[in-house]
Structure formats: C-alpha cells, structure tokens
Amino acid sequence: MELSLYNTLSRKKELFVPLNPPFAGMYVCGPTVYGDPHLGHARPAITFDLVFRYLKHLGYKVRYVRNITDVGHLENDADEGEDKIGKKARLEQLEPMEIVQYYTDRYHRFMDQLNVLRPSIEPRASGHIIEQIEMIKKILEEGYAYISNGSVYFDVTKYNEKYAYGKLSGRILDDMISSNRELDGQEEKHNSFDFALWKKAQPEHIMRWPSPWSEGFPGWHLECSAMSTKYLGEQFDIHGGGMDLMFPHHECEIAQSTASTGKESVKYWLHNNMITINGQKMGKSLGNFITLEEFFTGSNALLDKAYAPMTIRFFILQAHYRGTLDFSNEALLAAEKGLKRLSQAYETLQKIQPTENANSSLVEIKDNCYKALNDDLNSPMVMAQLFECARIINSANDGKESINESDKLILNEIFQVFCFDILGLSFEADNNQSEIIDNIMQLVISLRKDARTNKDFVTSDKIRNELDKIKIQLKDTRDGTEWSVVE
RNA sequence: GGUCUCGUGGCCGAGCGGCUAGGCACCGGUCUGCAAAACCGACUACUCCGGUUCAAAUCCGGACGAGACCUCCA
C-alpha cells in the first residue's frame, strides 16, 4: 500500500506520486514574526513535520521550504492598514528587523523544544524582494495586473476569464461579486477582491524598497509564490498550511503562480485544521490563544499547570490533522499520562528478560502502523498501535505474555521507527528536571532536619557525607539548609 | 446572507456499510507494610427523524445544534 494524501483541490484522498522521484518538494506557510508563537503555530509545524519525516522515511529526498514572513502582512482590511511588523516596531521603538530577529529566534527555540525538525530552506520575504518584483513584472506582462497610483494590483476578473479563481476554496467569483461588501479606502482597486502585488509606501511606512512602480513593499501573498518558485520550481509536489489560509492567501498564490507561468504550480494542497478552546478557534483576534512559553511554564490563567513540550506534541498528534482539536486541561493531562505510559513501557522493554516463545501479533502491529500513515497520515491510529505494544510489554513483564529475543528487537524497532523517527516523540526528561531535582533535595533536607531534631546524628551525617560524595554540598545557614553542586 | 465542515460513551479522540480503536477518568479484583505503577475485569457510545440495504455511527434526504471561511490570524 502506498501513501495517500487528502488534496484540498480535489477534496479527495489521492495517491502521492511525486513529479520528480526520488525528489519531493514541499512548501509550507510559516509564521509572520510579529508575536510569540502559540499553540496555533504548533499545529501546522508539527503536522508538516510529520509529513516531512514520513516522506524521508519512505526514502524520498525531500526539500522542505517554510518561509518567515517579515514584511507585507498588513493589519487591517484588504490591502490597507499598517504592516504588522512595522506596527510592532513602532510600538516597541525598535528597528523592524530587530522585531523579526527576536521573534524568529523565539519561534525556532520553541519549535526545537517541540522536536520539530528545521526545514531544508527557511527563506524570508524581505530577502526576496527582487524575485517578487520580477514576478510582478511577469504578471503585468501577461496582462493579469494593473498599476494604480504607484501600487500594482492583481486583476482577478481578468484572470477568472481564463482560469478559475476560487477553485481551491470552492468559491465562485460571480457569487463573490454579488455578495461582496464595499470597503473603505479601496479606490485604487478596480474591484474589492483584487489584491495587492506591490504597495506604494506611505511616508510613515518604515520598510520600503525601490521598484519600477514606486518605493514600497510587496503584497503578502506574493512572497510564497515567488519563493516556492525559486526553490522548488514552477511546479512542485506539496503545499501546506493552516485551513484559515485557504482563502484568500492560498487562492491568491495559485492565481499569481498560474498567471505568471501558465502552469498549475502545486500538485497536492494540504491543510491542517484549527485548535479550538471551548469549541472556538484559538486565534490572535479572539484573544484566547496561549503562547508556547506559557504552556511550558504554566503561566496562563487557562492552564492548571505547566505542560512539557512533548506532552503538547503528543496531544496534537493524538488527533488527526484535518479535524479540529479542542484544548482543555483534562485533555492535556490525559496526553501527559499517556505519554508517560508509553515511555515507561519503553523502559521496561529494555530491561525485560526474553522468553522462549514468540509473540504472534507484532508483525500485524507494524503493518497497521504503515497502513495508518499511508491513509492520509493517521497519527492517532499509530499511537493506538504503540499503546498495544505497551500492553504487550507490560503483560510480558508480568509473565502473562511472551516476548522472545527477536520480538524484543521488533518492538524496539517499532518504537524507534514510528514513535521516535516518524512521530518525533521523545522520552527524554525535559527542562523541568531541575525543578524535580530541587524538590528531591528539599525532601532529603527535611529528612535530615528530622534526624537532627531527634539527635540522630548518625543518620544526619550519613546524608550529608553521602551527598558530598556525589558532589552535592549542604550548608546549614541561619535561614535553613542550602544545597549546591560542587564542580 | 453566501460557501464549507462537523455532531461518537464522563473527557479527548479513531472509525467511513457487517468483525463495535486508543488514551485519560471512574468502579471491582490481583499485587503491595501503605501508596504508586503494572496486570485482569466491568462500563461499551454514535444528535434527532425518515430512506436505501439482508445489514448503517458509517450511504442518501431532512431537522436541530456547533464551528470555520467570506477582514488580520496557523
């Protein structure tokens, strides 16, 4: 059985056949770096990390491109309002690129913690102004754009005469025209659904570049078309992103690429669904989002406690990527315990004594894992198989089932391949370990205090001496006992 | 208003025509100085109303409910 992926374009699962095997190209819309990454950023990152990892596992040479949007993404109504990054820079009195650097670094740091692999190429919009200008020229030459007061707009009506604008999101242009709302400040456009390719900068606008039309900046949708073409070619295999980007962003990308090359640029469009909180989308505008930092530290009123990065990865992968996923402390706690169960079973497996008899169900488990992944990346199903492994291991450990030497190898392989390599889970102790150690030390210290109170100095000295041997030093001060590690 | 999704047990979530995943919680038991973990068992659901079928959570129609997009959001 081979890999099938749900293609938004056809609304069906399709067999994945790359354009140029053994190569596979994937472009995913990355973050606009004007704020801290939140749970909503984690979902596409992890979803497409899974795609990336699985394609590599299948033997493809994958080029994974994920952009950083650092210019052109505007605040308000269609193609009006302030640049998101420019605004943040103004508010914080920083250079826009300082904002970009700061939040890009933060994004990387938190994605690393979630064990999300870095993409092959991570291009920035501001670093590809020339490519974007060239693409605009091409679209103008082809007659699908017009210049208006120093700005350039994509002519959707003209494009729709030859191609189908709206085919990805299932929209019909005529319907859009009839139900369209008039917005203010759009006198430069022929139609409100036309979108900016180049915007002339207002005097107060900080980020600006020279172009044949005006000093200004590129439209938001353009960077993805320009950069995907540059690094993956005019036609490539997979384009991914959040469902909320389907319209207008991805629709506009299709229009731009098609208008400039005359070709269908993307073969498979993949979209991950949203994370909800109390049934409602978690989003910036709703103010109900929780940043990853808050998750890792527990510092948000919606959180009962801090959750480890792996718990969040597990939580996200336990749902299929195309379904909504509802956040709650109860669900996170369940994920945390589930992850622990897997990790303890894996530990048990390493220590287990093999038996004579073999276990018959392991081949089927491995098979089921591949079946699940091939069926549009059904990660929850893979997890269920891992839990089946855990059950077998624990039962064997209790002497109720058998695992021979070769079964042990197969089980280890299943964990290695599916759990670690493909799902990207890891069982390593995470960053709150120091907190755990400190808690342990406080316990030891209080035991020693009890011993001293009872004048049981044999015990109290034993504690201090034994700790000293492992380079932990205790100091009795007026305010209590302190501990530190001696180098 | 338009377009499109979705409604599964206490919670989260698979399933896509017959064989009724999985995790967490709860309950009973084994084990244990006591806990915890582990194991065994119990609970076993598909919003409602029609239809198709030998057979429907699963297909079709309708009702109700929820959500997403149509404006920035992953």
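Chain identifiers are assigned alphabetically (A, B, ...) following the order of the sequence lines, protein sequences preceding nucleic acid strands; residue numbering begins at 1 within each chain.
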Query raised in the report: Between atom CD1 in A:I392 and atom P in B:A21, what is the gap in whole Å?
Result: 17 Å
Query raised in the report: Regarding A:T348 and A:N397, is there a side-chain donor-to-acceptor distance under 3.5 Å anywhere?
Result: no
Query raised in the report: Roughly how many Å is it from CG in A:N329 to P in B:C11, rounded to a whole number?
Result: 16 Å
Query raised in the report: Just checking A:G338: base, sugar-phosphate only, or nothing, at a heavy-atom cut-off of under 4.0 Å?
Result: sugar-phosphate
Requested in this report: Would you classify A:L245 as touching base, sugar-phosphate or nothing, given that sugar-phosphate means primed atoms plus P, OP1 and OP2, and contacts are heavy atoms under 4.0 Å?
Outcome: sugar-phosphate
**Report entry** Closest to side chain of A:P380, choosing from B:A14, B:A74, B:C11
**Finding:** B:A14
Query - Proximal nucleotide (of B:G23, B:C69, B:A74) relative to the A:R43 side chain - result: B:A74
Query raised in the report: Is it true that a side-chain atom of A:Y153 and a backbone atom of A:W198 form a donor plus acceptor pair closer than 3.5 Å?
Result: no
Report task. Counting heavy atoms from C-beta on, name the nucleotide in B:C40, B:A14, B:G23 closest to the side chain of A:M381. Result -> B:A14
Query raised in the report: When you measure from the side chain of A:F315, which nucleotide among B:C12, B:A21, B:A74 comes out closest?
Result: B:C12
Report summary line: By nearest-nucleotide position on RNA chain B, the 5'-leaning member of A:I275 and A:S169 is A:S169
Report summary line: Residue set satisfying ring pair (Phe, Tyr, Trp, His ring centres under 6.0 Å) with A:F48, at least two apart, ordered chain then number -> none
**Report entry** Contact under 4.0 Å: A:N394 side-chain N or O vs B:C39 OP1/OP2
**Finding:** yes
Requested in this report: Could you tell me whether A:E336 contacts a base, only the sugar-phosphate backbone, or nothing, with contacts defined as non-hydrogen atoms closer than 4.0 Å?
Outcome: nothing
Query raised in the report: So, is A:R341 near the phosphate of B:C39, with a side-chain N or O under 4.0 Å from OP1 or OP2?
Result: yes
Requested in this report: For B:C48 versus B:A57, give the span between their C1' atoms, rounded off to a whole number of Å.
Outcome: 14 Å
Query raised in the report: How far, in whole Å, is B:G61 from B:U52 if one measures between their C1' atoms?
Result: 11 Å
Requested in this report: For A:T348, report the nucleic acid contact type (base, sugar-phosphate, nothing); a contact means any heavy atom under 4.0 Å.
Outcome: nothing
Query - Separation of the C1' atoms in B:G1 and B:C60, to the nearest angstrom - result: 27 Å
Query raised in the report: Looking across every strand, which nucleic acid part, if any, lies under 4.0 Å from A:H320 by heavy atom: base, sugar-phosphate, or nothing?
Result: sugar-phosphate
Report task. Measure from the side-chain heavy atoms of A:D398 and tell me the nearest of B:G10, B:A38, B:C70. Result -> B:A38
Query raised in the report: Quick one: is B:C40 close enough that its OP1 or OP2 comes under 4.0 Å of any side-chain N or O from A:S395?
Result: yes
Query raised in the report: So, is the end of the A:K366 side chain (NZ or CZ) under 6.0 Å from the ring centre of A:Y370 and within 45° of the ring's axis?
Result: no
Report summary line: Among the nucleotides B:A14, B:C39, B:G10, whichever has the atom closest to the side chain of A:N378 is B:A14
Query - Atom-pair distance (CE on A:M243; P on B:A68), nearest Å - result: 13 Å
**Report entry** Stacked cation flag A:K199 on A:F217, 6.0 angstrom / 45 deg
**Finding:** no
**Report entry** N/O (side chain, A:K337) to phosphate O (OP1/OP2, B:A25) under 4.0 Å
**Finding:** yes
Report summary line: With the side chain defined as heavy atoms from C-beta on, A:Q280 is closest, among B:C39, B:A68, B:G22, to B:A68
Query raised in the report: Whole-Å distance between B:A66 P and A:M274 CE?
Result: 21 Å
**Report entry** Span that lies between the C1' atom of B:A74 and that of B:A35, in whole angstrom
**Finding:** 44 Å
Query raised in the report: P atom, B:C40 versus B:C12: distance in rounded Å?
Result: 27 Å
Query raised in the report: How does RNA chain B look in dot-bracket notation if pairs are Watson-Crick or G-U with both distances under 3.5 Å, crossing ones as [ ], other-strand ones as |?
Result: ((((((((.[[[)....(...]]]..((((.......)))).....[[[[[..)....]]]]])))))))....
Query raised in the report: Is it the case that A:D375 and A:S4 place a side-chain donor and acceptor less than 3.5 Å from each other?
Result: no
Requested in this report: With P as the reference atom in both, quote the distance from B:C70 to B:G17 in angstrom, rounded to an integer.
Outcome: 34 Å
Report summary line: With sequence neighbours left out, the residues meeting ring pair (Phe, Tyr, Trp, His ring centres under 6.0 Å) with A:F314 are none
**Report entry** Rounded distance in Å - CG (A:L168) to P (B:C69)
**Finding:** 15 Å
Report summary line: Whole-Å distance, A:I172 CD1 to B:C69 P, equals 21 Å
**Report entry** A:R322 NZ/CZ over A:Y6 ring centroid, <6.0 Å and within 45° of normal
**Finding:** yes
Query - Nucleotide nearest A:Q318 (side chain, heavy atoms from C-beta), chosen from B:G23, B:C39, B:C69 - result: B:G23
Report summary line: Between CZ of A:F247 and P of B:A68 the distance, given in whole Å, is 17 Å
Query raised in the report: Where the side chain of A:P248 is defined as all heavy atoms beyond and including C-beta, which of B:C4, B:G13, B:C70 is the nearest nucleotide?
Result: B:C70
Requested in this report: Could you measure between the two P atoms, the one in B:G51 and the one in B:A42, and give it in whole Å?
Outcome: 36 Å
Report summary line: So CZ of A:R63 and CG of A:D237: to nearest 0.5 Å the spacing works out to 11.5 Å
**Report entry** A:H249 vs A:G170, nearer the 5' end of RNA chain B by closest nucleotide
**Finding:** A:G170
**Report entry** P atoms of B:U58 and B:C49, separation to the nearest Å
**Finding:** 12 Å
Report summary line: Here the distance between atom C1' of B:G13 and atom OH of A:Y321, to the nearest Å, is 17 Å
Query raised in the report: So which of A:Y159, A:F154, A:W220 actually passes ring-ring contact (aromatic ring centres under 6.0 Å, His included) with A:F195?
Result: A:F154
Report task. Quick one: label A:M246 by what it contacts on the DNA or RNA (base, sugar-phosphate, nothing), any heavy atom closer than 4.0 Å. Result -> nothing
